[in-house]
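Written out below as structure tokens is the structure these notes cover.
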Amino acid sequence: MIDKVQKYFIDLSNKYEAKNGYNYWDNHVKYVTQIADDLAKDVDADLEIVLISAILHDVAKVMELRENESHNLVGSEIAECFLLSEGYDPQKIEKVKRCILYHSGDLDKNIKLSKEEWCVRNADIISMFHNITIFFFLALHEYKLNYNECRECVKEMIRSKYCFLDTKLKVKYDDVFKIIYEAI
Ligand SMILES: [Fe+2]
């Protein structure tokens, strides 16, 4: 199933690139998936759930559907439709949906993340240290900002995203975050 999901997402990314000039798989999701794989092994999470969720976490962005709604919510619904159509286990689909739903943004304090949700969420943040272009693309393409606005927007996006990184992981990334932040 992981290979099928990856092919599905890469095809969507290629179509998105033909239209918008940016490849989500090559520049962002590929890294999130690799990092999520490493984190899943570190914390003994369900690798299949983590990888499928990591691959699909931004599927709403590449499909450009319901763009005025949360891409976490829309993405979890798109993932559900696709995985159901492929005959994937409904209980596993529920786990994938939650990983996508909680992959970014502020979380209600009552929400306790599963190991799999934790991996996808933190991998999405850590991916900024492998390829930061996603933020420039969002600032230029989605928010249509000029050069100075773009720099400030990217700084703010990475700062607010980095705040959500797990405290234990921050020990490893704090220094490099400061360097990147100052370099923009
Ligand atoms: Fe992402």
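First listed ligand is number 1; within each ligand, the first listed atom is number 1. Not measured: the values here are computed from a predicted model. The figures here come from the full heavy-atom set of this structure, side chains too, leaving out hydrogens, waters and symmetry mates. For reference, positions follow the sequence shown, starting with 1.
For the Fe ion (ligand 1), the set of protein N/O/S atoms nearer than 2.8 Å consists of H28 NE2, H57 NE2, D58 OD2, D124 OD1, ordered by chain and number.
Take D26 and apply the salt bridge (Lys or Arg N to Asp or Glu O under 4.0 Å) test, not counting sequence neighbours, and it matches no residue. For the ring-ring contact (aromatic ring centres under 6.0 Å, His included) test, residues two or more places apart in sequence or in another chain that qualify with Y8 are F82.
A salt bridge links E86 to K4: at least one charged side-chain nitrogen sits closer than 4.0 Å to a carboxylate oxygen. Checked for salt-bridge contact, E77 and K97 miss the test: no charged N lies under 4.0 Å from a carboxylate O.
At a threshold of 4.5 Å between non-hydrogen side-chain atoms, the residues Y16 and N23 do not count as touching.
Residue V120 shares its hydrophobic cluster (ILVMFWY side chains chained together at separations under 4.5 Å) with V50.
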